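This report concerns only the one structure given below.
Quick note on labels: first sequence line is chain A, next is B, and so on, each numbered from 1. Below, each value reflects all heavy atoms present in this structure, side chains not excepted, and no hydrogens, waters or symmetry copies. Because the structure is a prediction, the values reported are computed rather than measured.
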2 protein chains.
Amino acid sequence: MQTLQARGYRVTRPRRMVLQSLEEAARPVSPHEIQSALSSKGGYLDRVTIYRVLDLFCRLNLAHRLPSSGGFVKCSLGEKGGCHRFVVCRQCGAFQEFADEALCREESKLATGLDFHAERHFSETSGICSSCYELRQKALLSAEGQV
Amino acid sequence: MQTLQARGYRVTRPRRMVLQSLEEAARPVSPHEIQSALSSKGGYLDRVTIYRVLDLFCRLNLAHRLPSSGGFVKCSLGEKGGCHRFVVCRQCGAFQEFADEALCREESKLATGLDFHAERHFSETSGICSSCYELRQKALLSAEGQV
DNA sequence: AAGATAAATGCAACATTGTTGCATTTTGGG
DNA sequence: CCCAAAATGCAACAATGTTGCATTTATCTT
Ligand SMILES: [Mn+2]
Ligand SMILES: [Mn+2]
Ligand SMILES: [Zn+2]
Ligand SMILES: [Zn+2]
């Protein structure tokens, strides 16, 4: 929240509520899910307010919107250099944020080769997390046993 | 269209129409824009049909959906190896598709380091195309002249 | 060239996402 | 505590996306 203050934005009830929702979520959440989660705890926020708060958070890089699903997550990297990227499990929705400056440089170089001046990279790797992978292995083994 | 045939899908009027819309578009287009463009040429397609056609095209990699804008484009790379990526001009919407296997390997390696098994990369570089860049330079110079 | 049939479309109904304008409330500073 | 700017709530609207089901159509078989 100090980020808001520091940058001249007010600390308000809706902003606190949305931030907490993002912190409690184990996976990317949609605006509607945020609203539902809050209302099930007795709170109420207008849909428009939620969009505006998420907009602000994304502008300040306090949160990100994942490209493929459109869900939102709280940023876990702060000012770490390079664009902030994600790996997401397509099975369970688990995700991790990371950054890699070399990768950004490489992408920007490729853009230059196509006559574009790169400003920002959106990047998401979709796959399977280790726990879902292990579950799948067990399932396959037991299926074999039954044939 | 032969891709559809070859993979066991029918060649239909809606599929032809949507494909042509994508081919004629100079920038990523939304489902609604596709519907409008078609109806202004006297054609009609149900919204649902457009979504279903776009879904199919994306599954077959005949088209792609750009992560940040959600707009659709026709694939211009065919079977080229590595995931298909985009650079997009945030000013005019011009875009180019490209692929780079080394970049994919690098991303997959980073995912492995986070205990994920990578399957697919979504990637979009947002920036300024060369023609928009030049326009901007001219504008800046003339503004200087007036101060 | 029909006819059969599985596939695809259109239509209806619904849910979510997203945007704008304006009146009212709230925050943070004086 | 008061004030002005900032943010919220509300209303209305537009676009995105999903499902179920009746009807049409593309392709295969005869
Ligand atoms: Mn981040
Ligand atoms: Mn492609
Ligand atoms: Zn998982
Ligand atoms: Zn441009």
Side-chain angles (χ1 to χ4, degrees), chain A residues 1-22 25 27-40 42-60 62-73 93 122, chain B residues 1-22 25 27-40 42-60 62-73 93 122:
Chain A
M1 298 304 308
Q2 60 282 46
T3 314
L4 288 177
Q5 291 270 40
R7 301 225 219 170
Y9 295 95
R10 295 182 177 177
V11 175
T12 66
R13 197 184 74 109
R15 287 171 185 171
R16 275 190 292 260
M17 288 165 76
V18 170
L19 189 62
Q20 200 187 342
S21 266
L22 292 177
R27 0 214 226 103
V29 284
S30 70
H32 183 254
E33 285 169 332
I34 292 173
Q35 193 180 38
S36 301
L38 289 174
S39 82
S40 77
Y44 171 79
L45 286 187
D46 191 274
R47 183 169 75 251
V48 180
T49 299
I50 295 177
Y51 288 125
R52 289 194 276 226
V53 170
L54 289 172
D55 264 15
L56 178 67
F57 285 1
C58 287
R59 275 201 310 277
L60 300 182
L62 281 176
H64 305 288
R65 177 203 181 125
L66 298 213
S68 71
S69 69
F72 294 86
V73 301
F122 298 93
Chain B
M1 299 303 309
Q2 61 283 44
T3 314
L4 289 175
Q5 290 269 41
R7 301 225 218 169
Y9 295 95
R10 295 181 177 176
V11 175
T12 66
R13 196 184 72 108
R15 286 170 185 172
R16 275 190 293 259
M17 289 166 75
V18 171
L19 189 63
Q20 200 186 342
S21 267
L22 292 177
R27 0 215 228 100
V29 284
S30 70
H32 183 254
E33 285 169 331
I34 292 174
Q35 193 179 38
S36 301
L38 289 174
S39 81
S40 77
Y44 171 79
L45 285 187
D46 191 275
R47 182 168 75 252
V48 180
T49 299
I50 295 178
Y51 287 124
R52 290 194 275 227
V53 169
L54 289 171
D55 264 16
L56 178 66
F57 285 1
C58 288
R59 276 202 307 278
L60 300 182
L62 282 176
H64 304 289
R65 179 203 181 123
L66 298 213
S68 71
S69 68
F72 293 86
V73 301
F122 298 93

Can you tabulate the close N/O pairs, meaning under 3.5 Å, that link protein atoms to atoms of nucleotides 23-26 of chain D?
| from | atom 1 | to | atom 2 | distance (Å) |
| --- | --- | --- | --- | --- |
| D/dA26 | N3 | B/R10 | NH1 | 3.2 |

- Message: If I take atom CZ from residue B/F122 and atom CZ from residue B/R65, how far apart are they, to the nearest 0.5 angstrom?
- Response: 10.0 Å

- Task: Hey, could you give me the CZ/CE distance between A/R15 and A/M1, rounded to the nearest 0.5 Å?
- Result: 8.0 Å

- Query: Taking atom P of D/dA6 as reference, at what distance in whole Å does atom CD of A/Q5 sit?
  - Reply: 14 Å

- Query: Roughly how far, to the nearest 0.5 Å, is the CZ atom of B/R27 from the CG atom of B/L66?
  - Reply: 12.0 Å

- Query: Rounded to the nearest Å, what distance is computed from the CD1 atom of residue B/I50 to the C1' atom of nucleotide D/dA15?
  - Reply: 12 Å

- Side-chain heavy atoms of B/L60 within contact of B/Y9, under 4.5 Å: yes

- Query: Roughly, in whole Å, what's the span from CD in B/Q35 to P in D/dT16?
  - Reply: 9 Å

- Note on the structure: A/Y44 atom OH is separated from C/dT25 atom P, nearest whole Å, by 15 Å

- Query: Do A/L19 and A/V53 come within less than 4.5 Å of each other through their side chains, counting heavy atoms only?
  - Reply: no

- Message: Using the rule side chain to side chain contact (heavy atoms under 4.5 Å, CB included), only one of A/T49, A/V29, A/L45, A/L62 pairs with A/V18; which is it?
- Response: A/L45

Quick test: give all pairs of protein nitrogen or oxygen and nucleotides 17-24 of chain C nitrogen or oxygen below 3.5 Å, distance rounded to 0.1 Å.
| from | atom 1 | to | atom 2 | distance (Å) |
| --- | --- | --- | --- | --- |
| C/dT17 | OP1 | A/S30 | OG | 3.3 |
| C/dT17 | OP2 | A/H32 | N | 3.1 |
| C/dG18 | OP1 | A/R65 | NH1 | 2.9 |
| C/dG18 | OP1 | A/R65 | NH2 | 2.6 |
| C/dG18 | O6 | A/R47 | NH2 | 2.8 |

- In Å and rounded to the nearest 0.5 Å, what is the CZ to CD distance from A/R16 to A/Q20? 10.5 Å

- Message: Could you tell me how far apart A/Y9 (OH) and D/dA5 (P) are, to the nearest whole angstrom?
- Response: 17 Å

- Message: Nearest whole Å is fine: how far is C/dA8 P from B/L56 CG?
- Response: 8 Å

- Message: Output the rounded distance in Å from CZ (B/R59) to P (C/dA7).
- Response: 13 Å

- Item | Trace of the side chain to side chain contact (heavy atoms under 4.5 Å, CB included) decision for A/I50 with A/H32 | CA-CA 9 Å; A/I50 295 177; A/H32 183 254; over 6 Å; no

- Starting from the C-alpha separation in whole Å, work towards a yes-or-no answer on side chain to side chain contact (heavy atoms under 4.5 Å, CB included) for A/L56 and A/L4. CA-CA 9 Å; A/L56 178 67; A/L4 288 177; 3.9 Å; yes

- Message: Tell me the interatomic distance from A/F57, atom CZ, to D/dA7, atom P, rounded to whole angstroms.
- Response: 12 Å

